[in-house]
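Working notes, structure below.
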Protein chains: 2
Amino acid sequence: MTVSRALNTPERVSPEVLARVTAAVRRSGYVPNRVAGGLASARSRLVAAVVPTLSGPVFLDTVQALTAALADAGYQLMLGQSGYADSREDALLEAIIGRRPDGVVLTGILHSAEGRRRLLAANIPVVETWDLTPTPIDMLVGFSHERIGHAVAAFLHGRGRRRLAVVAGDDDRARRRLAAFREAARELGLADVEPVTVPAPTTLRSGRDALGQLLARPGGVDAVFCSSDLLALGVLTEARARGLDVPSRLAVVGFGDNEFAADLEPALTTVRIDGAAIGRQAARFVIDRAEGRTVAERIVDLGFSIVERASA
Amino acid sequence: MTVSRALNTPERVSPEVLARVTAAVRRSGYVPNRVAGGLASARSRLVAAVVPTLSGPVFLDTVQALTAALADAGYQLMLGQSGYADSREDALLEAIIGRRPDGVVLTGILHSAEGRRRLLAANIPVVETWDLTPTPIDMLVGFSHERIGHAVAAFLHGRGRRRLAVVAGDDDRARRRLAAFREAARELGLADVEPVTVPAPTTLRSGRDALGQLLARPGGVDAVFCSSDLLALGVLTEARARGLDVPSRLAVVGFGDNEFAADLEPALTTVRIDGAAIGRQAARFVIDRAEGRTVAERIVDLGFSIVERASA
DNA sequence: GTGAAAGCGCTAACAA
DNA sequence: TTGTTAGCGCTTTCAC
């Protein structure tokens with residue numbers, strides 16, 4: 001017990017005991033067993049993060065920042081992938097709940113509402129990210145996909161574009177940006193938007209193919225909003241291969257502001273999301289809860305911005 | 001005890017008891033506490049993975065495949081980042097060892113030899129990846145960076161290139177590919193290779209800047225070997241901005257065969273590494289050890305291939 | 001400031 | 001096939 005105190009609350013132990021313990025620890029190479037500690041204290045100092053998949057650079061910054069922020073506070077990150085098979089989701093939840101983590105960060109969506117209920121039933125704090133809803137399960141940090149759709153449509157309209165199109169990955173959030181984009185275009189009195197849906201995760205190849213499809217349609221197109229920067233790079237690549245000048249003949253807008261966006265030729269106009277900030281806020285949420293602090297504001301809207309560059 | 005058996009070894013329990021337990025589990029929503037189980041059995045079913053950083057798509061496929069393969073076998077992945085501060089490495093090791101994982105997968109390098117010794121002292125199986133050395137700490141799955149450097153130099157020489165250059169990220173493995181590339185060029189009787197070193201992780205921007213530097217030097221250059229596909233994309237982008245035709249005036253070779261490489265214009269010639277296979281093999285190593293099987297062949301060389309496309 | 005007792009929720013080992 | 005006993009290595013609680 002005295003050793004436990006010396007290690008965890010050194011200020012509550014006499015200097016002499018502290019010195020003796022420290023020396024013994026060093027001499028023996030003792031590393032406390034956190035599994036036993038977790039069992040006794042009911043605090044695992046483990047946080048689970050669930051991503052649909054790690055491929056595709058979308059959630060990378062978030063996971064990276066989350067891991068770092070947690071590590072700084074003495075917490076460890078357990079990673080789970082929900083995306084690659086629906087049937088696995090149940091097993092994933094069992095695995096998570098069985099470890100009694102101090103919190104779960106949902107990056108992207110957990111498919112079943114049932115699953116989220118189980119997490120709450122297990123009394124595990126939940127942070128949803130990358131989205132905004134007025135009725136989160138527990139805590140939430142994200143931004144509004146609807147507002148982004150509207151904002152990009154207004155942006156393109158303001159630049160004189162009149163025949164808008166969208167290339168969107170087949171996932172829920174991209175679909176909602178798309179829907180808002182179409183609605184805004186309608187409100188602005190523009191022709192109905194041509195949507196092309198591509199499989200998720202999005203790729204450069206999908207972007208190239210999508211532009212091909214778009215150009216084959218009657219009516220013509222003078223602006224494309226892509227649901228990822230990679231898709232936008234595909235559109236840029238295909239446009240160049242076809243001798244279609246960007247931005248004079250075609251405006252291109254991406255999503256994500258990946259590191260490479262600013263340095264493409266032409267530089268990519270895109271929607272900037274601060275993925276790292278999302279990770280940091282999620283860590284703050286979980287840690288606050290784990291340390292017993294009550295979280296006053298459970299919803300944080302980190303917003304977005306349109307970064308205007310040469311491509312639009 | 002009977003419940004424990006029904007859950008873990010159902011075949012060693014009577015059908016009737018099994019049915020009763022199953023029903024009770026469903027009724028109550030019971031999820032076994034793996035922390036307690038881990039403490040009692042000295043098997044945590046947790047595997048730690050250490051990456052220098054998650055940004056940069058290099059280790060993504062490996063981590064992704066590792067997570068999936070472990071999950072399939074009932075193991076969970078704990079993620080640690082070693083790269084963002086040297087001082088953190090000690091804390092990271094404490095955190096890892098303290099959880100008594102069933103194995104540690106080192107993706108990239110753990111800086112201190114001392115650290116690796118501590119892992120072994122704690123009796124934790126270690127898998128090193130993405131490299132090849134005749135004297136691994138424990139188990140190893142990777143490929144030879146030296147052979148890659150040689151192969152690419154020979155490849156470019158075979159295509160008639162005579163003034164080779166390299167753009168390499170500032171990390172150990174890239175440096176070794178570079179060194180082998182220079183050595184091979186020398187053996188082939190070519191002029192000494194111009195190396196440009198850029199900070200790690202590599203970016204498109206670095207690639208653009210590097211080509212600028214290369215072209216400013218006297219002597220000229222007709223082929224560039226880049227230490228990542230992103231860097232190669234930067235070189236392609238800059239070449240186009242300057243009206244320098246690829247491949248006629250400049251051959252470009254990347255590294256990694258990222259998803260986008262095949263669909264660039266021109267399509268990128270690059271070195272293909274099977275990151276996912278590395279992850280799967282690492283999982284196999286760890287699981288074999290955890291289940292008490294002895295691993296006969298502790299070194300697996302997964303090799304590489306040069307994917308010849310339009311850019312070289 | 002230090003220490004003794006009890007127990008966290010499981011599993012190993014052995015007995016019936 | 002089922003059940004009993006004794007821990008795993010810590011922390012909580014309470015007494016000194």
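Protein chains get the first letters and strands the later ones, always in sequence-line order, with residue 1 at the start of each. Atoms considered below: every heavy atom in the structure, side chains included; atoms not considered: hydrogens, waters and symmetry mates.
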Contacts table for residues 295-302 of chain B: side-chain donor-acceptor under 3.5 angstrom, sequence neighbours left out:
from: R298(B); atom 1: NH1; to: D138(B); atom 2: OD1; distance (Å): 3.3
from: D301(B); atom 1: OD1; to: G303(B); atom 2: N; distance (Å): 2.8
from: D301(B); atom 1: OD2; to: R147(B); atom 2: NH2; distance (Å): 2.5

Can you measure I97(A) atom CD1 to dG9(C) atom C1' for me and round it to whole angstrom units? 17 Å
Does any part of the side chain of R176(A), heavy atoms only, come nearer than 4.5 Å to the side chain of E146(A), both counted from C-beta? yes
From CG of L7(B) over to P of dT2(D), roughly how many Å is that when rounded to an integer? 14 Å
Let me have a per-nucleotide readout for nucleotides 8-16 of chain D, 5' to 3', with B, S or -, counting only protein heavy atoms under 4.0 Å. BBBSB----
Would one find more than 12 heavy atoms of other residues, nucleotides or ligands at under 6.0 Å from atom CZ of R26(A)? no
For the student: nearest non-hydrogen atoms of L140(B) and F285(B), plus distance: O-CE1, 3.6 Å
R12(B), CZ: over 12 other non-hydrogen atoms inside 6.0 angstrom: no
Would one find a side-chain N or O of T2(B) under 4.0 angstrom from OP1 or OP2 of dT2(D)? no
